[in-house]
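Here the structure is laid out as structure tokens; the discussion comes afterwards.
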Amino acid sequence: MRVRFAPSPTGALHIGGARAALYNWLMARGSGGTMVLRIEDTDRERSTPENVDQILDALAWLQIDYDEGPISQVQRSARHEEVLQQLLADGHAYRSTATGEDVKAYKAQHGADKGFRGTPEAEGAVRLRVPDDGATVVHDLVRGDTTFQHVHLDDPVIARADGTALYNFAVAVDDADAQITHVVRGEDHLSNTPKQLLVYVAMGVEPPLFAHLPLLHGPDGKKLSKRHGAASVQELRDAGYLPAAVRNYLALLGWGDTDDETLISTEELVRRFDVTRVAKNPARFDEQKLRWMNGRYLRELSLDELTAALEEYTGRAGLRDAVQISREKIQTLADFWPLSGFIFDGPGEDEKAKAKWLTDAGRGALVDAHDALAGLDTWELEPIEAALQGVVAAREVKPKDVFQPVRVALAGTAVSPGIFETLQVIGQEESLARIQAAAATAA
RNA sequence: GCCGCUAUCGUCUAGGGGACUAGGACGCCGCCCUCUCACGGCGGAAACCGGAGUUCGAAUCUCCGUAGCGGUACCA
């Protein structure tokens with residue numbers, strides 16, 4: 001099996017493209033086949049080296065590798081030219097100066113049941129000659145057969161007047177030359193497939209098998225765009241998601257196995273993925289589920305692995321102890337610092353929390369807590385807890401009437417990791433200083 | 001306009017003529033755990049787009065309608 005991922009570098013790699021890459025990769029790895037990466041850069045206007053780098057980066061981050069490529073499509077222009085001359089010579093293609101307007105006029109005159117057929121000229125763009133009768137059938141692994149009547153097809157332009165290849169021609173030539181066996185790509189290409197199939201016929205080459213994946217939509221059912229939040233791989237990374245979680249989520253977005261497993265390791269995906277089971281209907285990208293899944297993956301990481309990931313993500317060092325007490329409470333790498341950054345940077349400024357807990361009673365609790373904590377010789381979890389529970393008992397109040405003021409004193413907010421653990425990680429001296437400072441400002 | 005694809009809980013999906021009282025997951029709601037927030041556990045509400053037809057029997061097959069999406073570029 002030889003598959004390929006062929007993005008056009010006209011922007012960042014979106015999750016739809018990422019999913020196509022993943023499915024191809026899963027098929028290649030699951031079959032011992034070969035994955036080819038080709039950059040479809042024939043659109044010179046929109047294709048940029050920066051975009052190519054971005055796509056390469058995104059694939060690397062996702063840990064989707066390839067065996068051949070990246071192949072630049074424009075660098076194959078000599079070969080495209082060669083095939084073009086061949087088709088021109090044997091009558092499968094012809095030059096025509098007909099414009100889009102001409103085609104429209106032609107159809108207005110001949111009715112909808114006659115596709116545009118030009119007359120050969122000495123110059124102009126190159127059009128592929130579509131047979132007048134018959135039909136081209138696309139055999140699709142996920143959709144079954146789709147028949148396209150030739151009378152509905154216009155002779156497609158396959159090369160510009162200057163001889164440079166257009167997409168529907170270049171893909172077919174490149175896929176044929178690379179001996180691709182399975183073309184797995186977005187459904188937006190389904191209608192293009194008959195044109196490509198006709199190129200195969202003209203070349204006299206056996207076409208590959210096709211599989212067209214349903215498109216991905218935003219939560220509102222509309223086409224995915226920036227306003228849907230993290231829609232590109234780059235944004236997913238910035239939002240603190242783990243590559244493994246993204247792979248798992250993307251694999252299940254449009255594909256389901258017979259069993260009900262939701263958390264599936266990449267190794268298992270490679271083993272189980274079956275392109276013929278891909279869903280036919282478009283799927284919506286639901287970040288909430290990704291968040292949940294990411295949380296599960298986060299918690300499966302060892303403390304050292306999570307710490308390393310967070311230190312790289314935040315650019316801070318010495319996070320291990322804080323990570324340990326925070327890991328149950330975060331779903332993404334981005335959640336960590338807002339939750340536990342106060343351990344390093346000092347308490348935050350949540351006025352609402354302060355107003356609620358740094359009251360008169362709160363100050364009393366803080367003073368007592370300070371005294372109890374100051375008397376400890378060993379700054380360990382148990383003694384810390386015992387000391388604070390002692391304050392609760394002595395003051396005859398609910399636990400939270402002591403713990404919350406202490407939390408606000410340490411964190412400046414009403415939410416934090418466990419209070420005893422937090423005290424321990426912050427250290428005795430600093431903890432006492434924060435409690436004292438808070439008591440001083442309490443109403 | 002024309003050509004084509006698609007249609008199961010809010011979302012991702014399982015199901016492929018009788019095993020469907022339509023299963024799982026996210027989310028939501030409730031309870032438990034509990035120092036906050038979470039995590040975890042338990043329970044709950046929640047769907048076959050509409051209409052015909054085929055059949056003893058339809059979520060499953062056929063047709064029509066409707067809706068969404070894609071293509072219709074000298075873009076990819």
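A note on names: the letters A, B, ... follow the listed sequences, proteins ahead of strands, and every chain is numbered from 1.
Contact annotation: side chain of A:S191 to base of B:G4, donor-acceptor pair absent below 3.5 Å. Within 3.5 Å, a donor on the side chain of A:R46 pairs with an acceptor on the base of B:C75, or the reverse. Interface remark: the A:N192 side chain does form a donor-acceptor pair with the B:A76 base, using a distance-only criterion of under 3.5 Å.
Between B:C35, B:C69, B:A76, one nucleotide has an atom nearer to the side chain of A:I419 than all others, and that is B:C35. In this structure, the nucleotide among B:C74, B:U8, B:C75 sitting nearest to the side chain of A:N281 is B:U8. Comparing atom distances between the A:H217 side chain and each of B:G71, B:C69, B:C37 picks out B:C69 as nearest.
Here the separation of B:U62 from B:G18, taken at their P atoms, is 16 Å to the nearest Å.
Taking the ring axis of A:F5 as reference, the NZ or CZ atom of A:R38 does not stay both within 45° of it and closer than 6.0 Å to the ring centre. Annotation: cation-pi pair A:R407/A:F403 absent, no NZ/CZ under 6.0 Å from the ring centroid and within 45° of its normal.
For B:C75, the OP1/OP2 oxygens have a side-chain nitrogen or oxygen of A:R160 closer than 4.0 Å. A:R284 has no side-chain polar atom (N or O) that falls below the 4.0 Å cut-off from OP1 or OP2 of B:C69.
Separation of the A:F285 and A:Y249 ring centroids falls under the 6.0 Å cut-off. The aromatic ring centroids of A:H152 and A:F148 lie 6.0 Å or more from each other.
B:C37 atom C1' lies 15 Å from atom CZ of A:F336, rounded to whole Å.
The base-pairing partner of B:C31, taking Watson-Crick or G-U wobble contacts with both distances under 3.5 Å, is B:G41. Base pairing annotation: B:A67 forms a Watson-Crick or G-U wobble pair with B:U6, both donor-acceptor distances under 3.5 Å. Nucleotide B:G1 forms a pair with B:U72, judged by Watson-Crick or G-U wobble geometry with both contacts under 3.5 Å. Base pairing of B:U11 is made with B:A25, judged by Watson-Crick or G-U wobble geometry with both donor-acceptor distances under 3.5 Å.
In terms of position on RNA chain B, the residue among A:G418 and A:S96 whose nearest nucleotide sits closer to the 5' end is A:G418.
The environment of A:D145 atom CG is dense: over 12 non-hydrogen atoms of other residues, nucleotides or ligands sit within 6.0 angstrom.
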Item to check | nucleotides 20-33 of chain B: protein proximity per nucleotide (B base, S sugar-phosphate only, - neither; heavy atom, under 4.0 Å) | outcome: ---BSBSS------
Item to check | Audit row: A:D368, A:R395, salt bridge (Lys or Arg N to Asp or Glu O under 4.0 Å) steps and yes/no | outcome: CA-CA 9 Å; A:D368 288 357; A:R395 293 180 65 82; 2.9 Å; yes
